[in-house]
Amino acid sequence: MEHHVRTRCGSVSVIVYGDQDKPALITYPDLALNYMSCFQGLFFCPEAASLLLHNFCVYHISPPGHELGAAQICPSTSSYSADDLADQILEVLNFFRLGAVMCMGVTAGAYILTLFAIKYRERVLGLILVSPLCKAPSWTEWFYNKVMSNLLYFYGMCGLLKEILLQRYFSKEVRGNAEVPESDIVQACRRLLDERYGSNVMRFLQAINRRPDLTSGLKRLRCRTLIFVGDSSPFHSEALYMTSKLDRRFSALVEVQACGSMVTEEQPHAMLIPMEYFFMRYGLYRPCPLSDSPRSPLSPSCISPELLSPESMGLKLKPIKTRVSLEV
């Protein structure tokens with residue numbers, strides 16, 4: 001069910017899946033995306049969908065003007081900052097009368113949720129961050145963002161801009177080349193990008209390009225943090241930097257080989273086992289009695305030996321590297 005929540009920064013779309021009596025899981029997508037283009041791979045993966053929907057009620061929050069069928073935001077509407085977007089999440093939680101929630105975000109969305117967790121620590125149970133950002137933009141990222149802003153301003157969601165965004169999201173293995181066609185997930189994402197108004201995307205991009213550095217606030221986080229990043233992601237070094245600044249007693253890094261930034265779309269199976277252990281630490285994991293999947297829940301045949309250590313059983317999550325194939 002879709003809800004439109006009025007906030008100080010305008011109306012925001014929230015798609016709610018599941019029983020609202022269950023614990024809440026909040027999602028926030030990357031630039032130019034919404035829940036359909038950023039999280040459908042994860043939620044269409046039967047094992048992951050069983051894990052998440054059996055244990056949580058999911059609240060998919062879209063950045064302003066990024067929801068399916070979104071109208072163009074009026075040009076006279078005031079611009080917003082990353083802080084405004086974090087405050088908007090608080091208004092959404094208050095609208096649904098939610099207490100502390102689990103959060104899952106991708107890249108720019110991961111930054112917004114991290115900022116939210118720093119500002120409102122009592123409202124966040126845990127963070128699941130995919131290819132996250134935490135520093136202010138580097139000169140290289142700032143330059144790329146300015147190029148994208150100019151393209152959005154003059155040409156809207158043009159072909160060149162879509163190519164830049166697809167390189168941001170996906171590894172070259174799924175983007176294809178002259179000999180190999182691009183994968184279905186890239187084609188689907190390309191079609192969904194066609195629905196975005198350039199001016200709406202530019203507002204979110206400008207907010208992210210003006211973002212402050214969160215490094216000093218990371219040590220103050222009270223919640224546990226699970227970070228996924230593809231080793232082909234342009235934000236791989238950002239994720240490693242963020243991991244190094246978090247309290248190692250309460251954080252873990254999963255590097256996914258042959259994968260870009262959107263692990264949720266490109267290799268959602270790689271997220272399954274680490275998320276199961278992560279939720280077990282909170283007492284939120286309940287095996288689904290209807291699942292007959294050989295991979296779920298916690299099938300011994302597919303658990304890496306390093307995940308069976310006492311630390312991984314909940315005392316301390318440890319960094320791992322993983323390669324997941326569809327044949328597993």
Side-chain angles (χ1 to χ4, degrees), residues 1-2 13-17 25 27-53 58-72 104-110 128 130-131 148 151-152 155-198 200-202 204-205 228-230 232-235 256-272 324-327:
M1 182 179 294
E2 182 174 16
S13 169
V14 184
I15 303 290
V16 181
Y17 279 107
L25 171 67
T27 75
Y28 209 96
D30 191 16
L31 176 71
L33 303 176
N34 52 40
Y35 82 97
M36 185 60 72
S37 46
C38 196
F39 297 102
Q40 69 171 347
L42 181 63
F43 282 87
F44 283 6
C45 169
E47 298 83 11
S50 173
L51 168 68
L52 295 172
L53 296 177
V58 182
Y59 297 78
H60 292 296
I61 302 176
S62 292
H66 282 56
E67 66 271 17
L68 291 172
Q72 187 170 14
M104 179 188 297
V106 177
T107 311
I128 302 171
V130 181
S131 305
M148 287 196 288
L151 289 171
L152 287 165
Y155 303 106
M157 192 61 70
C158 61
L160 177 57
L161 179 67
K162 284 187 283 188
E163 293 304 321
I164 294 173
L165 288 171
L166 292 173
Q167 290 177 26
R168 173 190 177 99
Y169 306 145
F170 299 109
S171 67
K172 61 183 179 181
E173 285 82 2
V174 297
R175 294 201 312 271
N177 51 48
E179 291 78 29
V180 180
E182 63 185 19
S183 70
D184 291 343
I185 59 172
V186 176
Q187 293 178 29
C189 186
R190 187 186 296 276
R191 289 192 296 270
L192 288 166
L193 286 174
D194 285 332
E195 301 176 5
R196 301 279 77 75
Y197 280 103
N200 295 1
V201 175
M202 187 167 66
F204 190 20
L205 177 60
F228 294 92
V229 65
S232 298
S233 168
F235 305 106
V256 184
Q257 297 176 349
C259 187
S261 296
M262 276 213 291
V263 184
T264 51
E265 290 294 298
E266 199 168 334
Q267 293 204 40
H269 284 92
M271 300 179 67
L272 180 63
V324 176
S325 66
L326 296 179
E327 288 76 25

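When a residue number appears, it is its place in the shown sequence, counting from 1.
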Please report the interatomic distance [atom1]([X]) to [atom2]([Y]), rounded to the nearest 0.5 Å.
X: Met262; Y: Tyr169; atom1: CE; atom2: OH; result: 6.5 Å
X: Thr27; Y: Leu52; atom1: OG1; atom2: CG; result: 10.5 Å
X: His269; Y: Met271; atom1: NE2; atom2: CE; result: 12.5 Å
X: Glu67; Y: Arg196; atom1: CD; atom2: CZ; result: 7.5 Å
X: Ser37; Y: Leu68; atom1: OG; atom2: CG; result: 7.5 Å
X: Phe170; Y: Cys189; atom1: CZ; atom2: SG; result: 4.5 Å

Between [X] and [Y], is any pair of side-chain heavy atoms under 4.5 Å apart?
X: Val58; Y: Ile15; value: no
X: Leu33; Y: Phe39; value: no
X: His60; Y: Asn34; value: no
X: Leu161; Y: Tyr155; value: no
X: Met148; Y: Leu165; value: yes
X: Glu265; Y: Val174; value: no

Listed partners of [X] passing side chain to side chain donor-acceptor pair (under 3.5 Å), at least two apart:
X: Glu266; answer: Ser171
X: Ser13; answer: Glu2
X: His66; answer: none
X: Thr264; answer: none

Residues forming a side chain to side chain contact (heavy atoms under 4.5 Å, CB included) with [X], sequence neighbours excluded:
X: Val180; value: Asn177
X: Leu160; value: Leu151, Cys158, Ile164
X: Pro64; value: Tyr28, Ile73, Tyr80, Leu85, Gln88
X: Phe44; value: Gln40

With sequence neighbours left out, the residues meeting salt bridge (Lys or Arg N to Asp or Glu O under 4.0 Å) with Glu182 are Arg190

Salt bridge (Lys or Arg N to Asp or Glu O under 4.0 Å) involving Asp184 - partner list, sequence neighbours excluded: none

On a heavy-atom basis, which atom in [X] and which in [Y] lie closest, and how many Å separate them?
X: Met157; Y: Leu193; answer: CG-O, 3.3 Å
X: Leu166; Y: Arg175; answer: O-CD, 3.6 Å
X: Gly65; Y: Ala70; answer: O-CB, 3.4 Å
X: Ala108; Y: Phe204; answer: CB-CZ, 3.9 Å
X: Leu152; Y: Val201; answer: CD1-CG1, 3.9 Å
X: Ser261; Y: Val130; answer: O-CG1, 3.3 Å

Sequence-distant partners of Tyr197, ring-ring contact (aromatic ring centres under 6.0 Å, His included), two or more places apart: none

Salt bridge (charged side-chain N to carboxylate O under 4.0 Å, His left out) pairs, two or more places apart, involving residues 30-40: Asp30-Arg168

